[in-house]
Amino acid sequence: AWNVGPGWWPDAKPGVYGIDVMIGEPGLVGRGIGTEIVDRFIAEVLRPGRDVAEVIADPDPANIGAIRAFEKCGFRRQGMVPTPYGDALLFKLTF
């Protein structure tokens with residue numbers, strides 16, 4: 001994750017950070033690991049010492065596991081957005 005700005009989200013305000021999660025081992029998918037990773041990363045790495053106003057994520061709309069993980073962490077759906085890799089579902093977690 002890094003502070004969003006020039007490039008992917010050029011209109012983002014200061015304090016907006018982006019996050020991506022990938023679990024590569026098929027046997028580890030669907031076990032709550034993604035939810036724990038996101039929760040702990042935000043609490044232990046992203047929030048301390050940073051002025052975080054919002055965290056965004058943009059999973060593929062077909063990635064039901066990622067969508068569920070972000071929702072369990074308190075992220076809210078914002079709608080579809082275009083990305084260099086195709087349309088994505090934008091999520092925001094606001095503090």
Side-chain angles (χ1 to χ4, degrees):
W2 60 72
N3 198 12
V4 178
W8 202 293
W9 302 103
D11 298 328
K13 294 177 174 61
V16 177
Y17 288 76
I19 187 170
D20 285 314
V21 177
M22 183 165 97
I23 300 174
E25 293 293 325
L28 298 177
V29 174
R31 298 172 68 188
I33 295 170
T35 302
E36 185 175 343
I37 289 169
V38 171
D39 270 342
R40 290 183 67 182
F41 183 80
I42 291 170
E44 298 176 15
V45 177
L46 192 55
R47 296 279 321 262
R50 293 184 174 85
D51 186 19
V52 179
E54 187 173 84
V55 181
I56 61 174
D58 58 355
D60 184 308
N63 189 339
I64 303 303
I67 290 169
R68 274 190 256 155
F70 287 120
E71 288 176 333
K72 287 178 185 176
C73 294
F75 284 74
R76 300 288 177 241
R77 293 178 191 223
Q78 303 298 304
M80 299 298 290
V81 293
T83 75
Y85 301 104
D87 288 341
L89 183 56
L90 180 63
F91 279 85
K92 290 184 181 181
L93 176 64
T94 304
F95 299 100

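- Taking CG of D58 as the reference point, atom CG of L89 lies at 9.0 Å (rounded to 0.5 Å).
- For the atom pair CD1 of I64 and CD of E71, the computed distance is 9.0 Å after rounding to the nearest 0.5 Å.
- In plain terms, the two heavy atoms of G34 and A69 that are nearest each other are C-CB, 4.2 Å.
- Minimum interatomic distance between F75 and V38 (heavy atoms only, all atoms of both residues): CE1-CG1, 3.9 Å.
- Both the sub-6.0 Å distance and the 45° axial angle are not jointly satisfied by R76 relative to the ring of F91.
- When atom types are taken as modelled, the side chain of R77 and the backbone of K92 share no donor-acceptor pair closer than 3.5 angstrom.
- The two residues D51 and Y17 come nearest to each other via the heavy atoms O-CE1, 4.2 Å.
- Contact annotation: the side chain of D87 never approaches that of V81 to less than 4.5 Å [non-hydrogen atoms, C-beta and beyond].
- The shortest heavy-atom contact between R50 and V45 is NH1-O, 2.6 Å.
- One finds the CZ atom of R31 at 11.5 Å from the CD atom of E36 (value rounded to the nearest 0.5 Å).
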Could you go step by step and tell me if V55 and L46 meet the side-chain contact (heavy atoms from CB on, under 4.5 Å) rule? CA-CA 9 Å; V55 181; L46 192 55; 3.5 Å; yes
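- In terms of heavy atoms, E44 sits closest to P48 at O-CG, 3.6 Å.
- The shortest side-chain heavy-atom distance between F70 and I19 falls under the 4.5 Å cut-off.
- The shortest non-hydrogen separation linking C73 to D39 is SG-OD1, 3.3 Å.
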